[in-house]
Amino acid sequence: MINETPRVRFAPSPTGYLHVGGLRTALYNYLFAKRNNGTFVLRIEDTDRNRYVEGAVENLIKALNWAGLNYDEGPEVGGNSGPYLQSERLDIYKKYADELIEKGKAYYCFCTPERLKSLKEEQEKQKLPQAKYDKHCLNLSKEEIANNLAAGIAKVVRLNVEQNNTIKFDDIIREHVEFESNNVDDQVLIKSDGYPTYHLANVVDDHLMKITHVIRGEEWLSSTPKHVLLYDAFGWERPIFAHLPLLLNPDRSKLSKRQGDVAVEDYRDKGYLKDALINFVALLGWNAGDDKEFYYMDDLISCFSLERVNKAGAIFDLQKLNWLNAEHLRKKSDSELLEMLKSEIQKSKFKNGNYSDKFLLLIIQSMKERVSFIKEFIDTCTYFYEAPTEYEQKAIEKNWKPDIPDQLIKLKEEIASLNNPTKEDYEHALAKVSEELNVGKGKLIHPLRLAVSGQSTGPGMFDLLFILGKDEVVKRIEAAVKSISV
RNA sequence: GGCGCGUUCGUCUAGUGGCUUAGGACACCGCCCUCUCAAGGCGGGGAUCACGGGUUCGAAUCCCGUACGCGCUACCA
């Protein structure tokens with residue numbers, strides 16, 4: 001099996017959105033498949049009818065595609081091992097459950113929820129180490145079973161776990177793991193509604209779909225003995241397991257909605273780049289063994305290996321994500337940024353404004369080093385899109401001296417006299433006025449910036465003037481001189 | 001409670017018995033650059049490697065125990 005080209009799968013249950021932990025699991029599966037020329041399968045684990053969510057599968061696929069995790073087989077794209085929705089494979093599970101019953105590895109259970117409940121309560125009262133099903137229905141006679149079946153009494157199928165065994169298996173990340181079979185419950189395999197539980201379905205499907213490596217979250221480690229028992233009962237070869245460490249909240253509990261955003265859609269909507277999210281999540285629990293921190297998907301593919309995945313959970317730290325987002329943003333070409341900015345403008349209050357590509361490109365070039373998110377090309381520098389309506393109070397106090405208005409008027413006149421000024425022309429104009437007035441350039445620049453942008457921070461002064469253009473600069477200086485008073 | 005997994009700067013991590021006075025990155029602080037803010041460069045603080053025992057000439061690295069955290073303990077996945 002190891003020599004075959006690997007086939008891996010991401011098997012989420014459709015809860016309505018893609019969890020970032022799920023994104024990381026999917027990513028590691030994808031990277032492993034691509035790295036080894038293998039196949040990445042998407043399988044939807046929708047065997048819980050109570051949890052059915054409208055449109056969930058579509059959302060999941062959309063999020064996966066957005067992140068660039070394109071699967072080779074699965075819903076919508078098809079493949080030779082379908083169907084890829086477990087709800088469409090019910091007859092298959094039934095067949096294999098029957099095979100298990102025949103072999104004595106599983107059995108019908110007719111116990112009512114009430115009996116199960118009181119059994120559990122009784123066991124808890126006796127302070128038994130663990131609450132387990134008591135195999136009551138394993139002792140039913142053939143006649144009793146036949147009668148119950150014929151009478152249509154509600155039933156489930158349970159795994160018949162042999163006692164006093166040690167269940168052993170290997171895991172790429174955890175190495176060797178052992179469980180005592182006495183601690184393993186006779187898990188329900190087929191529910192009373194005829195749907196399989198995860199345990200049966202995932203084993204049957206992984207085998208039928210020829211999955212070679214099961215790469216999933218650590219929350220599955222405890223139920224792996226059940227899966228191992230099933231492989232053995234069927235006489236099937238076990239896949240290679242790799243249980244990934246969990247993603248954590250800042251308080252080290254399992255990453256959850258309560259403590260922030262968990263859906264990849266949330267991050268997408270907040271303006272995170274898919275490259276940054278992928279880069280970040282890849283590094284949560286894995287590294288190549290060197291100091292490299294900036295990766296594109298292709299780089300990840302070429303150096304990923306399961307052997308280098310960590311054992312311990314990792315806190316999802318927004319600060320580092322933000323930094324990576326800025327890094328990835330700066331690596332984008334101006335034309336890519338232009339397209340992103342244009343669609344961002346459509347979502348902003350400036351959507352009705354008429355801005356040329358040339359103008360927006362100038363904004364991008366001047367602001368690129370100063371932003372972490374696309375939307376900051378708008379809201380950290382609204383002065384590019386509209387004249388300032390108010391002026392930063394602190395900056396007024398610091399730089400707006402009594403003789404400033406007169407000086408700025410002089411500068412304004414100088415600028416007004418320029419013909420089609422370049423950035424350098426503005427610079428010369430300011431130098432000239434500062435000399436005539438005998439004041440330092442800095443004494444002029446700061447109030448000028450305030451007058452023209454309303455702020456004390458931003459791109460280089462002369463870039464700013466050039467981008468705004470002569471007429472706008474003149475207008476803004478006049479407006480500022482009128483409205484700013486100390 | 002039981003079972004399982006884990007534990008290196010605040011966070012992500014390097015480290016697989018001597019190269020380590022434990023390295024890098026994010027964040028933080030300072031300096032340089034400079035018209036501001038960034039970016040960039042340089043530097044700084046920050047980890048008794050969870051704790052306690054062993055093994056060894058030598059341990060973050062191997063073994064045992066303890067503590068703590070997390071996961072599982074469903075006719076959920």
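Every chain is numbered from 1 and lettered A, B, ... according to where its sequence line falls, protein lines coming before strand lines.
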Open item on the list: Any base atoms under 4.0 Å from A:Glu178, or only sugar-phosphate, or nothing? Heavy atoms, all strands.
Closed with: sugar-phosphate
* To do: For B:A74, take OP1 and OP2 only and decide whether either is under 4.0 Å from a side-chain N or O of A:Arg51.
  => no
Span that lies between the P atom of B:A60 and that of B:C9, in whole angstrom:
15 Å
Worksheet entry | Carboxylate-amine/guanidinium contact A:Arg43 A:Glu45, below 4.0 Å | yes
Here the distance between atom C1' of B:G71 and atom CG of A:Leu244, to the nearest Å, is 14 Å
Using a 4.0 Å heavy-atom cut-off across all strands, classify A:Glu45 as base, sugar-phosphate, or nothing.
sugar-phosphate
Mind checking if A:Gly460 touches a base, just sugar-phosphate, or nothing, with heavy atoms under 4.0 Å?
base
Note to self: Does this structure show an ion pair linking A:Asp98 with A:Lys94, if we count only N-O contacts that are shorter than 4.0 Å?
What the structure shows: yes
inquiry  = Rounding to an integer number of angstrom, what distance separates B:U61 and B:C3 when you compare their C1' atoms?
reply    = 28 Å
From CG of A:Leu465 across to C1' of B:C35 the rounded distance in Å is 11 Å
A:Asn279 atom CG is separated from B:C12 atom C1', nearest whole Å, by 12 Å
From CG of A:Asn322 across to P of B:A27 the rounded distance in Å is 9 Å
TODO: For the pair A:Asp275 and A:Lys332, find out whether any cationic side-chain nitrogen is under 4.0 Å from an anionic carboxylate oxygen.
DONE: yes
* Using a 4.0 Å heavy-atom cut-off across all strands, classify A:Asp290 as base, sugar-phosphate, or nothing. => nothing
Ranking B:A39, B:U7, B:C76 by distance to the side chain of A:Arg330, first place goes to B:A39
Salt bridge present between A:Arg49 and A:Asp193 (N-O < 4.0 angstrom):
yes
From the candidates B:A74, B:C3, B:C12, the one with an atom nearest any side-chain atom of A:Ile315 is B:C12
Under a 3.5 Å threshold, yes or no: a donor from one side chain and an acceptor from the other, between A:Asp186 and A:Tyr107? yes
Rounded P spacing from B:G6 to B:G24 in Å:
28 Å
inquiry  = Regarding A:Gly442, tell me which of base, sugar-phosphate or nothing describes its non-hydrogen contacts under 4.0 Å with the strands shown.
reply    = nothing
Determine the contact category for A:Val184: base if any of its heavy atoms lies under 4.0 Å from a base atom, sugar-phosphate if only primed atoms, P, OP1 or OP2 are that close, otherwise nothing. nothing
Would you say A:Thr47 places a side-chain N or O within less than 4.0 Å of OP1 or OP2 belonging to B:A77? yes
Exercise for the section: Could you check whether A:Lys226 gets within reach of a base, just the sugar-phosphate, or nothing at all, counting any heavy atom under 4.0 Å? Expected result: nothing
Result for 5'-nearest mapping on RNA chain B, choosing between A:Trp220 and A:Asp251, is A:Asp251
- Given the P atoms of B:U21 and B:A59, what is the spacing between them in whole Å? 12 Å
In whole angstroms, the gap separating C1' of B:U36 from OH of A:Tyr383 amounts to 10 Å
If you look at every strand shown and take non-hydrogen atoms under 4.0 Å, does A:Ser456 touch a base, only sugar-phosphate, or nothing?
-> base
Taken to the nearest whole Å, CG/A:Asp171 to C1'/B:G6 is 13 Å
Answer for the Watson-Crick or wobble partner of B:A59, both distances under 3.5 Å, is none
Q) What integer number of Å spans the C1' atoms of B:A22 and B:G17? A) 15 Å
| query | Counting distance only, does the side-chain N/O of A:Gln163 pair as donor-acceptor with the main-chain N or O of A:Val161 below 3.5 Å? | reply | yes
Practice task
Looking at every strand, decide which applies to A:Lys311 at a 4.0 Å heavy-atom threshold: base, sugar-phosphate, or nothing.
Solution key: sugar-phosphate
Checklist line | B:U13 phosphate, OP1 or OP2, under 4.0 Å from A:Lys320 side-chain N/O | finding: no
Exercise. Using a cut-off of 4.0 Å on non-hydrogen atoms, how would the nucleic acid contact of A:Arg174 be classed: base, sugar-phosphate, or nothing?
Worked result: sugar-phosphate
- May I ask you to decide whether A:Glu436 forms a salt bridge with A:Lys410, counting only side-chain N to carboxylate O separations under 4.0 Å? yes
task: Give A:Phe179 one of three labels, base, sugar-phosphate or nothing, depending on what nucleic acid heavy atoms sit under 4.0 Å from its own.
output: sugar-phosphate
inquiry  = Side-chain N or O of A:Lys120 versus OP1/OP2 of B:A74: is the shortest distance under 4.0 Å?
reply    = yes
The residue, A:Ala131 or A:Arg370, whose nearest nucleotide of RNA chain B is more 5′ is A:Arg370
Whole-Å distance, A:Phe294 CZ to B:G24 P, equals 22 Å
Just call it for A:Pro245: base, sugar-phosphate, or nothing, with non-hydrogen atoms closer than 4.0 Å on any strand. nothing
### Query
Looking only at side-chain N and O atoms, does A:Arg308 come under 4.0 Å of OP1 or OP2 in B:G15?
yes
In whole angstroms, the gap separating P of B:C26 from CG of A:Asn325 amounts to 15 Å
Which of A:Glu327, A:Lys320, A:His328 passes side chain to side chain donor-acceptor pair (under 3.5 Å) with A:Asn279? Answer is A:His328
Q) What distance, rounded to whole Å, do you find between the two P atoms, one in B:U7 and one in B:C31? A) 40 Å
Sugar-phosphate only, base, or nothing, as touched by A:Cys381 at under 4.0 Å among non-hydrogen atoms | nothing
request  = Considering just the side-chain nitrogens and oxygens of A:Lys191, establish if one lies under 4.0 Å of OP1 or OP2 belonging to B:A77.
outcome  = yes
